[in-house]
Amino acid sequence: MAESNPNRLKLSQLRALVAIAKTGTFSDAALQLELSQSAVSHAIATLETELGVILLNRGRQGAVLTPVGEAITAEAEQVMDRLEKICQQAQLAKGLQSGQVRLGGFRSVATHILPAVIERFRQQYPGISVTIDEFSHYHLVEDYLRQGRIDIGFTYLPTSADFEAWELLRDEYVVLLPPAAKPMDAQLTWEQLFKYPLIQTPPGDGCRYNIEQYLTRHAQSINFAYDVREDSTIVSMVRRGLGATIMAKLAAEPIPDDITVAQLPEPFERVIGVVTLVDALQPPSVFAFLDTIKAVWGGKPIEPKAA
């Protein structure tokens, strides 16, 4: 007997076999495939001839797979699944030829995290536009997500159960001291910290809020000497000897060599995460951007906290 030639097998034959296996009869398979019953019968007959085996036992009760028919049908189902995935990939590619991704975050994210991600993303998907909204407080990022005004947000974790979250990085808060400062130890005491005029972002800023909460937890109270919005301006003022500041390390970078970096009396960090609205219907471009973030920065998924 001649060997079966896979080049002569047709997808229509495999599709007919799978349909009969699922429906149990030639007539029902024909209805499912929107073909005539004779066309289905011909497809199976030619498939059996090409393979040289009987795939189905026909009878009054319908069509029953033979043992070899069961094995071949299982393989045929995998072929159908692969075809479905091919179509899905093509559809995804069509959806990534254009569109937009709307991002929202705070200054240090926009400065230090997003440029590398956007560079990689634009190389892969040049037809998709990317917009960035910068906010002074991470609560505003979350509000914009809830309102559907941005697709992906960068906030502090943990966040609310409204969001699916992915931890991106942990950023330590440090003390920046003027060049003339000579701290006794790398880790300051509260007394050493408070002898400097402290420069801080204005009330309503996310980092200012975090720092005030940190001081309250440790029963410390202070009146800040200066309220300055821009991180780079604060760093310049410290460098000029006008005071010290408590700042997230990422926000301070690049830190000038002549500024002294010291540790807070009690360790403190912020956990930066990327978030999307739970159950939101996202376009392919958003999923592609999330994949790019993970490829560039890594991170890990976070279970939402209870509402």
_Heavy-atom side-chain proximity of S98 to I128 below 4.5 angstrom_ = no
*Apply salt bridge (Lys or Arg N to Asp or Glu O under 4.0 Å) to R239 and D257, showing your working.*
CA-CA 10 Å; R239 197 177 185 190; D257 294 337; over 6 Å; no
*asked:* To the closest 0.5 Å, what do you measure between CG (D143) and CG (L145)?
replied: 9.0 Å
*What's the verdict on side-chain contact (heavy atoms from CB on, under 4.5 Å) for V130 and L103, showing C-alpha distance, side-chain angles and the deciding distance?*
CA-CA 7 Å; V130 178; L103 310 174; 3.6 Å; yes
*Indicate whether any N or O donor in one side chain lies under 3.5 Å from an N or O acceptor in the other, for Q13 and T46.*
yes
*Could you walk me through whether I152 and V274 pass the side-chain contact (heavy atoms from CB on, under 4.5 Å) test, one step at a time?*
CA-CA 7 Å; I152 299 172; V274 55; 3.3 Å; yes
*Under the side chain to side chain donor-acceptor pair (under 3.5 Å) criterion, do E142 and T159 qualify, and how do the steps go?*
CA-CA 9 Å; E142 297 172 4; T159 185; 3.1 Å; yes
*Using ring pair (Phe, Tyr, Trp, His ring centres under 6.0 Å) as the criterion, list what pairs up with F106, not counting sequence neighbours.*
Y156
_Please evaluate residues T23 and Q32 with respect to the criterion side chain to side chain donor-acceptor pair (under 3.5 Å), reporting the C-alpha separation (whole Å), side-chain torsions for both, the decisive distance (0.1 Å), and the verdict._
CA-CA 8 Å; T23 63; Q32 179 180 303; 5.4 Å; no
*Which distance, rounded to the nearest 0.5 Å, do you find between the CG of D279 and the CG of L277?*
8.0 Å
*Identify the heavy atoms of A43 and A16 that sit nearest to each other, and give their distance.*
CB-CB, 4.1 Å
_Spacing of C207 atom SG and Q200 atom CD [to the nearest 0.5 Å]_ = 7.5 Å
*asked:* Hydrophobic cluster membership, with links at side-chain heavy-atom distances under 4.5 Å among I/L/V/M/F/W/Y: are L9 and V79 in one?
replied: yes
_What I want to find out is whether D291 reaches R120 closely enough, with some N-O distance under 4.0 Å, to be called a salt bridge._
no
_Residue pairs involving residues 7-18 (criterion salt bridge (Lys or Arg N to Asp or Glu O under 4.0 Å); sequence neighbours excluded)_ = R8-E50
Compile the donor-acceptor pairs under 3.5 Å between side chains in residues 216-234 and protein atoms, sequence neighbours left out, one pair per line.
{"unit_1": "T216", "atom_1": "OG1", "unit_2": "E212", "atom_2": "O", "d": "2.9"}
{"unit_1": "Q220", "atom_1": "NE2", "unit_2": "H218", "atom_2": "O", "d": "3.2"}
{"unit_1": "D227", "atom_1": "OD1", "unit_2": "R208", "atom_2": "NH1", "d": "3.0"}

*asked:* Could you check whether atom NE2 of H42 has more than 12 heavy atoms from other residues, nucleotides or ligands sitting under 6.0 Å from it?
replied: no
*Distance-only, no hydrogens or angles: does the W166 side chain make a donor-acceptor pair with backbone N or O of G298 under 3.5 Å?*
yes
*Answer yes if L33 and L55 sit in the same cluster of Ile, Leu, Val, Met, Phe, Trp and Tyr residues linked by side chain heavy atoms under 4.5 Å apart, and no otherwise.*
yes
*Spell out, as yes or no, whether a donor-acceptor pair under 3.5 Å connects the side chain of T245 to the backbone of I199.*
yes
*Under a single-linkage definition using a 4.5 Å side-chain heavy-atom cutoff for Ile, Leu, Val, Met, Phe, Trp and Tyr, are L168 and F268 assigned to the same hydrophobic cluster?*
yes
*Heavy-atom distance under 4.5 Å between the side chains of L177 and Y196, does that happen here?*
yes
*Should I272 and T155 count as side-chain neighbours, where that means a heavy-atom distance under 4.5 Å?*
no
_Would you say M247 ends up clustered with Y209 if hydrophobic residues are merged whenever their side chains have heavy atoms under 4.5 Å apart, either directly or through other cluster members?_
no
_Side-chain donor or acceptor of T66 paired with backbone N/O of I54 under 3.5 Å_ = yes
*asked:* To the closest 0.5 Å, what do you measure between CD1 (I44) and CG (L17)?
replied: 5.0 Å
*Roughly how far, to the nearest 0.5 Å, is CG of L188 from NZ of K195?*
9.0 Å
*asked:* Run R102 and D133 through salt bridge (Lys or Arg N to Asp or Glu O under 4.0 Å) and show every step you take.
replied: CA-CA 8 Å; R102 300 169 301 167; D133 280 321; over 6 Å; no
*Side chains of T201 and R107: does their closest heavy-atom pair fall under 4.5 Å?*
yes
*Smallest separation among heavy atoms of L176 and V238, with atom names*: O-CG1, 3.7 Å
*Trace of the salt bridge (Lys or Arg N to Asp or Glu O under 4.0 Å) decision for R170 with E269*: CA-CA 7 Å; R170 292 175 178 250; E269 67 179 7; 2.8 Å; yes
*Provide the closest heavy-atom pair for A110 versus I132 in the form atom of the first, atom of the second, distance.*
CB-CG2, 4.5 Å
_Would you say that I20 contacts T25 through its side chain, given a criterion of any heavy-atom pair below 4.5 Å between the two side chains?_
no
*Of the non-hydrogen atoms in Y173 and A248, which two are nearest, and what is the gap between them?*
CD2-N, 3.3 Å
*Taking all heavy atoms of A63 and all of F26, pick out the closest pair and write down the distance.*
CB-CE1, 3.7 Å
_I'd like to know if the side chain of Q187 reaches the main chain of P265, judged simply by a donor and an acceptor atom lying under 3.5 Å from each other, with no hydrogens or angles considered._
yes
*If Ile, Leu, Val, Met, Phe, Trp and Tyr residues are connected whenever their side-chain heavy atoms lie under 4.5 Å apart, and connections chain through other members, are L11 and V18 in the same group?*
yes
*Give the ring-plane orientation class for Y214 versus W190, where under 30° counts as parallel, over 60° as perpendicular and anything between as tilted.*
tilted
*Is it the case that more than 12 heavy atoms not belonging to E34 sit under 6.0 Å from its CD atom?*
no
*Is there a side-chain contact between S108 and R270 (heavy atoms, below 4.5 Å)?*
yes
_Validation row, ring centre Y138 to ring centre F154 under 6.0 Å_ = no
*Could you give me the CA-CA distance, side-chain angles and deciding distance for Q263 and V175, then say whether side-chain contact (heavy atoms from CB on, under 4.5 Å) is met?*
CA-CA 6 Å; Q263 305 301 309; V175 181; over 6 Å; no
_Residue pair D151 / T276: nearest heavy atoms and the distance that separates them_ = O-CG2, 3.7 Å
*For side-chain contact (heavy atoms from CB on, under 4.5 Å), just list the numbers for V235 and I255, CA-CA rounded to whole Å, side-chain angles, deciding distance to a tenth of an Å, and then say yes or no.*
CA-CA 8 Å; V235 173; I255 302 174; 5.8 Å; no
*Kindly indicate whether the side chain of L250, heavy atoms from C-beta on, has any atom under 4.5 Å from the side chain of V109.*
no
*Nearest-0.5 Å distance, OH of residue Y144 to CD1 of residue I150*: 8.5 Å
*Any chance you could lay out the salt bridge (Lys or Arg N to Asp or Glu O under 4.0 Å) test for R58 and E48, step after step, and finish with the verdict?*
CA-CA 13 Å; R58 289 84 161 167; E48 290 179 326; 3.1 Å; yes
*Answer yes or no: is there a donor N or O on one side and an acceptor on the other, between the side chain of S285 and the main chain of G99, under 3.5 Å?*
no
_Check D171 with K249, please: is the shortest side-chain N to carboxylate O separation under 4.0 Å?_
no
